[in-house]
Amino acid sequence: MSENPGLSPSAVQASREVRAVISRLRRRILNASEVEDLTLGQASVLARLSGKGGVSASELASAEGVRHQSMTATVGSLATMGLVERSPDPDDGRRLLIRLTAEGHRRVEEGRQARTEWLAGQLQDKCTEEERQAVIAATAVLERLTHD
């Protein structure tokens, strides 16, 4: 793949480094709250359901980028673990809506807390105050990239 000649070398280097670091950091953060009985796909579905009133399996499959049949299997295993419940859609009785149970909410919150504590601990132990302030400033720059 050839690089766009209109891009500055620093933009290309920053792009490569940011993508690589974010990828590694994401894996480390996810591993900080990894629960042995959940797959990453199951954990992702639980997080996606958090704060939602109810979502169909089709909507979840689309959002997660998987086939409907795969999502049905994932939801089924989460229901067996007591983390989600399925109920008829009040607007369309043919559809089932998937919601977190109280236990599902608890697991999502515990995972978020574990990830937050892990990253805060790493920043506390491995960075100076000035470096933490630089991370905060860099995050504001990266946040701008997420807006069109």
Side-chain angles (χ1 to χ4, degrees), residues 1 3-4 7 11-127 129 131-148:
M1 181 172 151
E3 292 178 7
N4 182 334
L7 296 175
V12 172
Q13 180 181 358
S15 170
R16 287 182 181 139
E17 291 180 15
V18 165
R19 286 184 302 113
V21 166
I22 287 174
S23 179
R24 286 191 306 271
L25 185 59
R26 182 178 182 275
R27 278 193 302 274
R28 294 289 308 270
I29 289 170
L30 288 173
N31 286 337
S33 67
E34 187 174 324
V35 180
E36 292 179 15
D37 63 335
L38 291 179
T39 67
L40 283 178
Q42 290 168 333
S44 181
V45 168
L46 290 179
R48 191 168 297 280
L49 287 170
S50 179
K52 301 229 189 287
V55 180
S56 72
S58 295
E59 291 167 322
L60 281 173
S62 176
E64 291 287 315
V66 299
R67 294 186 342 245
H68 183 271
Q69 294 85 349
S70 297
M71 184 54 64
T72 300
T74 298
V75 168
S77 63
L78 291 171
T80 298
M81 289 186 264
L83 302 176
V84 300
E85 60 189 4
R86 295 171 279 204
S87 59
D89 183 337
D91 298 324
D92 181 352
R94 298 169 296 173
R95 279 183 6 147
L96 291 176
L97 296 181
I98 300 138
R99 293 178 179 84
L100 290 178
T101 62
E103 177 64 12
H105 280 290
R106 186 188 68 74
R107 294 282 291 270
V108 168
E109 287 307 312
E110 280 182 359
R112 285 182 181 147
Q113 183 67 28
R115 292 186 300 273
T116 297
E117 288 176 5
W118 178 84
L119 185 54
Q122 294 297 303
L123 290 164
Q124 181 70 38
D125 295 344
K126 296 181 178 178
C127 300
E129 180 61 31
E131 289 171 326
R132 289 189 294 271
Q133 292 301 319
V135 168
I136 292 168
T139 302
V141 172
L142 293 173
E143 178 65 26
R144 280 200 326 251
L145 302 180
T146 67
H147 302 287
D148 291 333

Q: Measure the spacing between CD of Q124 and CD of E117 and express it to the nearest 0.5 Å.
A: 13.0 Å
Q: Using distance alone, with no hydrogens and no angle criterion, decide if R48 and S44 have a side-chain donor and acceptor under 3.5 Å apart.
A: no
Q) Is the number of heavy atoms from other residues, nucleotides or ligands within 6.0 Å of CZ (R28) greater than 12? A) no
Q) Which atom pair, heavy atoms only, marks the closest approach of S58 to H68? A) OG-CD2, 3.1 Å
**Q.** Point-to-point distance, once rounded to the nearest 0.5 Å, from NZ of K126 to CD of E131
**A.** 12.0 Å
Q. Which atom pair, heavy atoms only, marks the closest approach of R112 to A47?
A. NH2-O, 4.0 Å
Q) Quick one: does T139's side chain have a donor or acceptor within less than 3.5 Å of a partner on V135's backbone? A) yes
Q. Less than 4.0 Å between a side-chain N and a carboxylate O, is that true for E109 and R106?
A. no
Q) Passes side chain to side chain donor-acceptor pair (under 3.5 Å), S23 versus R19? Steps please. A) CA-CA 6 Å; S23 179; R19 286 184 302 113; over 6 Å; no
Q) Can any side-chain N or O of T101 pair as donor or acceptor with the backbone N or O of L83 at less than 3.5 Å? A) yes
Q: For residues R86 and G76, report the shortest heavy-atom separation together with the two atoms involved.
A: NH1-CA, 3.9 Å
Q: Of all the heavy-atom pairs spanning A114 and A32, show the shortest one and how long it is.
A: CB-O, 4.0 Å
Q. In Å and rounded to the nearest 0.5 Å, what is the CD1 to OG distance from I98 to S56?
A. 6.5 Å
Q) Tell me, do L46 and V84 make a side-chain contact under 4.5 Å, heavy atoms counted? A) yes
Q: Any chance you could measure L100, atom CG, to K52, atom NZ, to the nearest 0.5 Å?
A: 10.5 Å
Q) To the nearest 0.5 Å, what is the distance between CG (L25) and CG (L119)? A) 6.0 Å
Q: Report yes or no: does R99 contribute a side-chain atom to a donor-acceptor pair with the main-chain N or O of E85 at less than 3.5 Å?
A: no
Q | pair Q42-V45: side-chain heavy atoms closer than 4.5 Å | A | no
Q: To the nearest 0.5 Å, tell me how far L7 CG sits from Q13 CD.
A: 13.5 Å
Q | Validation row: T74, T39 side chains within 4.5 angstrom (heavy atoms) | A | no
Q | pair L38-R107: side-chain heavy atoms closer than 4.5 Å | A | yes
Q: Kindly indicate whether the side chain of Q69, heavy atoms from C-beta on, has any atom under 4.5 Å from the side chain of T72.
A: no
